[in-house]
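Keep in mind that what you see is a predicted model, and the values were worked out from it rather than measured.
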Amino acid sequence: MKNLLSITVLSLLVFCFETGPVHINAAFASPDPAEPSAVEGTSNEVEGDSGWTAGYMASVANPYATEAAAEILAQGGHAVDAAIAAHTVLGLVEPESSGLGGGGFMVVYQQDGQQVKFYDGRETAPAGASVDMFMQDGQEMGFFQAKESGKAVGVPGAVALYKLAHDAHGQLPWADVFQPAIRLATEGFVVPKKMANYLPMLSGVSLLAQFPGSAEYFYPDGEPLQAGDVLRNLEYAATLTRIAEEGPQAFYTGEIAASIAAAAQAEPNPGTLSTDDIASYQAVIRDAICADWRDLQICGATPPSSGAMQIMVANLYDELVSEDASQMEKIQAFVDAQRLAYADRDYYFGDPDRINVPVEQLIDPAYLSYRAANPIAPGDVPTHGDPATVFGTSSATLWRQDSTAEPAGTTHFSIVDNNGNAVSATMTVESIFGSARWVAGFVLNNQLTDFATEYDPELPEAANAVRPGARPRSSMSPTIVLDQNDELFMITGSPGGNSIPAYTAKTILGIVDWNLSVADAISFPNIVARGQSVRVETGTEPGTEVASFLKDAGYQVQESRGENSGLHVILVQDEMLEGGADPRRAGTVLSRAP
């Protein structure tokens with residue numbers, strides 16, 4: 001109960017303090033320290049040379065970061081170059097969500113060759129991690145106790161992810177893509193409402209106002225930063241400058257690495273993260289998982305991501321919905337598809353380098369048809385399926401059921417460059433301000449609480465159990481959808497903890513099947529069906545009607561006045577780009593046609 005209450009408090013903080021929409025469609029201009037700008041300009045425009053005629057677009061969670069991406073795109077940078085620029089700025093202006101102290105996933109579409117690759121920068125557990133490290137006296141740690149412990153800190157993956165993707169795709173010099181963030185950290189930026197609104201509430205439940213570094217930065221003179229304050233982070237600028245000049249080794253070895261290890265090993269509840277763990281970290285290139293849906297291909301990140309859920313939900317939906325279904329009946333099919341997909345995800349997904357995840361079987365049309373033919377009754381608890389029932393044999397292992405709490409945090413951005421290359425990236429420090437532990441101008445993640453933190457030696461391990469060197473399972477689902485000619489059709493993704501797969505799938509179904517515009521698909525009420533209950537966002541219409549319909553159908557419905565989605569979507573249509581940023585947050589869209 002203590003753990004549940006802690007997570008509920010954190011969720012309420014997230015839901016209550018998101019800012020309203022800011023939608024901009026303009027070219028880049030350098031931001032003034034007092035306020036980010038968005039005015040037309042043509043000085044650095046670069047035409048694509050690949051036959052691509054739609055120009056570039058960036059949809060990112062903060063205006064400063066959107067402008068940084070647009071600056072790089074206007075210089076002829078690849079979508080990956082722009083993604084690094086955007087994220088290093090997000091780490092400065094949105095540290096509650098992501099940054100250098102965390103990690104993430106990047107799905108990249110290369111227009112030349114029409115290939116999709118997945119770059120895995122998920123954090124890893126230290127060599128000293130153990131399956132029971134979040135247990136004390138036979139009880140699971142309370143959430144805040146675990147979240148802000150040194151045990152929760154994994155080796156940050158963001159910088160290694162930058163380098164891996166830049167080596168494969170970058171067009172501008174490595175050092176150039178860090179300049180917007182270095183400049184902004186040095187000259188100053190306006191503290192956003194989103195960041196500022198968390199600080200007074202967190203001071204009573206978090207150690208953010210007490211840990212060295214974070215206390216001085218976020219609570220100068222003992223008072224929380226206010227929206228509108230101009231803030232500089234010279235420590236962050238120095239860290240980025242070293243990375244720009246020396247490469248990732250400046251982060252993973254030497255002074256910065258030693259500081260990361262010392263912060264993770266500090267009280268309370270110190271962890272075992274060492275400089276050896278940090279120095280040995282590697283981001284990984286994995287094949288993206290792609291599968292047909294109607295005349296499209298849905299491509300996403302393989303485990304430890306939950307990207308395969310987009311394929312599962314979309315195809316289960318088609319199995320469950322009738323041709324003449326009403327809008328409410330389509331939503332019911334969407335709910336049932338989620339319930340089945342989440343149950344399988346929760347049971348089977350983990351680090352593919354540590355366990356055998358039967359992804360190909362779970363997305364196989366025969367298995368999905370079998371699952372859809374055996375739906376879960378509306379009031380029942382969804383249970384996982386068994387691929388062996390369909391295929392006779394399966395690589396699946398018998399695991400303990402895992403209902404890991406993954407509270408909302410994180411950020412997502414979608415980018416298309418002048419040549420039609422695209423990035424869908426979801427990055428995180430896990431929960432709000434991560435572990436709250438401060439190093440070299442940024443907070444460290446609490447990513448290891450994404451493992452199955454409860455342990456009972458009398459039961460089988462969970463697929464997502466804590467293992468030395470492992471990557472915890474993630475709900476992050478950066479997704480790229482291709483058309484029947486393998487051309488770019490859609491980029492989508494969202495933050496939001498365990499709700500990310502539901503948020504993201506809503507945009508795919510909304511645009512393709514429900515005939516919604518990008519903006520309407522993003523704004524449509526979020527509906528999350530993980531486990532026995534279905535959460536419906538009733539603060540947005542037709543949320544009230546949806547909730548009433550599902551209640552009448554026998555579902556256990558939880559009404560939510562607000563959701564923590566941060567959807568950023570780009571749609572390619574008739575050689576034009578249509579973009580949207582979630583009105584539940586403060587994202588913006590910038591574009592330029594050739």
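- Not one N or O on the side chain of Ser206 forms a donor-acceptor pair closer than 3.5 Å with the backbone of Ser203.
- With sequence neighbours excluded, no residue forms a side-chain hydrogen bond (donor to acceptor under 3.5 Å, both in side chains) with Asp295.
- Residues forming a side-chain hydrogen bond (donor to acceptor under 3.5 Å, both in side chains) with Glu578 (at least two apart in sequence, or on another chain): none.
- With sequence neighbours excluded, the residues forming a side-chain hydrogen bond (donor to acceptor under 3.5 Å, both in side chains) with Glu541 are Thr544, listed by chain and number.
- Judged by distance alone, with hydrogens and angles left aside, the side-chain atoms of Ser435 form a donor-acceptor pair with the main-chain N or O of Leu444 at under 3.5 Å.
- Under the 4.5 Å side-chain criterion, counting only non-hydrogen atoms from C-beta, Met490 is in contact with Ile511.
- Salt-bridge check for Glu537 with Arg584: passed, with a basic side-chain N closer than 4.0 Å to an acidic carboxylate O.
- Remark: Ser523 engages Pro583 in a side chain to side chain contact (heavy atoms under 4.5 Å, CB included) (not counting sequence neighbours).
- For Asn498 and Arg345, the side-chain atoms include at least one donor-acceptor pair closer than 3.5 Å.
- Using modelled atom types, no side-chain atom of Asp380 and backbone atom of Ile376 make a donor-acceptor pair closer than 3.5 Å.
- With sequence neighbours left out, Gln310 forms a side chain to side chain contact (heavy atoms under 4.5 Å, CB included) with Ile298, Ser477, Thr479, Pro501, Thr504, Ala505, Ile508.
- Judged purely by atom type and a 3.5 angstrom limit, Ser326 uses its side chain to pair as donor or acceptor with the backbone of Glu329.
- Under the rule for a ring-ring contact (aromatic ring centres under 6.0 Å, His included), the partners of Phe334 that lie at least two apart in sequence or sit in another chain are Trp514.
- Side chain of Thr453 to backbone of Thr449: no donor-acceptor contact under 3.5 angstrom is found.
- Residue Val191 comes nearest to Ala196 through the heavy atom pair CG1-CB, 4.0 Å, listed as atom of the first residue, atom of the second, then distance.
- Listed by chain and residue number, Phe433, Trp438 satisfy the ring-ring contact (aromatic ring centres under 6.0 Å, His included) test with Phe218 (two or more places apart in sequence, or in another chain).
- No donor-acceptor distance shorter than 3.5 angstrom exists from the side chain of Asp229 to the backbone of Val190, with no hydrogens or angles considered.
- Other residues, nucleotides and ligands contribute over 12 non-hydrogen atoms within 6.0 Å of the CD atom of Gln532.
- Using modelled atom types, one finds no donor on one side chain facing an acceptor on the other under 3.5 Å when comparing His412 with Ser494.
- Between the Tyr370 side chain and the Pro365 main chain, no donor and acceptor come within less than 3.5 Å of each other.
- Scored by the side-chain hydrogen bond (donor to acceptor under 3.5 Å, both in side chains) test, Gln484 finds no partners at all (sequence neighbours excluded).
- Using modelled atom types, no side-chain atom of Asp513 and backbone atom of Leu509 make a donor-acceptor pair closer than 3.5 Å.
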- Residues Lys194, Arg585; criterion side chain to side chain contact (heavy atoms under 4.5 Å, CB included); working and verdict: CA-CA 8 Å; Lys194 178 171 175 285; Arg585 293 201 181 196; 3.7 Å; yes

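- Between the Ser431 side chain and the Gly434 main chain, no donor and acceptor come within less than 3.5 Å of each other.
- To the nearest 0.5 Å, the span separating CG on Leu368 from CE on Met312 amounts to 6.5 Å.
- Ion pairing of Arg473 with Asp450 is absent here, as no side-chain N (NZ or NE/NH1/NH2) approaches a carboxylate O to less than 4.0 Å.
- Residues passing the side chain to side chain contact (heavy atoms under 4.5 Å, CB included) test with Ala529 are Val335, Gln338, Arg339, Val534, sequence neighbours excluded.
- Once rounded to the nearest 0.5 Å, the distance linking CG of Leu225 with OH of Tyr219 reads 8.5 Å.
- With hydrogens and angles left out, the side-chain atoms of Asn445 and Glu430 include no donor and acceptor closer than 3.5 Å.
- Contact check for Met476 versus Thr428: side-chain heavy atoms found under the 4.5 Å cut-off.
- The main-chain N or O of Thr383 is never found under 3.5 Å from a side-chain atom of Tyr347 such that the two would form a donor-acceptor pair.
- With sequence neighbours left out, Tyr555 forms a ring-ring contact (aromatic ring centres under 6.0 Å, His included) with no residue at all.
- Using a cutoff of 4.0 Å between basic side-chain nitrogens and carboxylate oxygens, Glu563 and Lys506 are not scored as salt-bridged.
- For Asp351 and Arg122, the salt-bridge test fails: no basic side-chain N is under 4.0 Å from an acidic carboxylate O.
- Side-chain atoms of Tyr367 and Asp344 form a donor-acceptor pair, as typed in the model, at a separation below 3.5 Å.
- By the ring-ring contact (aromatic ring centres under 6.0 Å, His included) test, Phe442 is found to be paired with Phe251, residues two or more places apart in sequence or in another chain being considered.
- Note that CG of Leu202 is 11.0 Å distant from CG of Asn197, once rounded to the nearest 0.5 Å.
- In terms of the side chain to side chain contact (heavy atoms under 4.5 Å, CB included) criterion, residue partners of Ala61 (sequence neighbours excluded) are, by chain and number, Leu90, Glu94, Thr411, His568.
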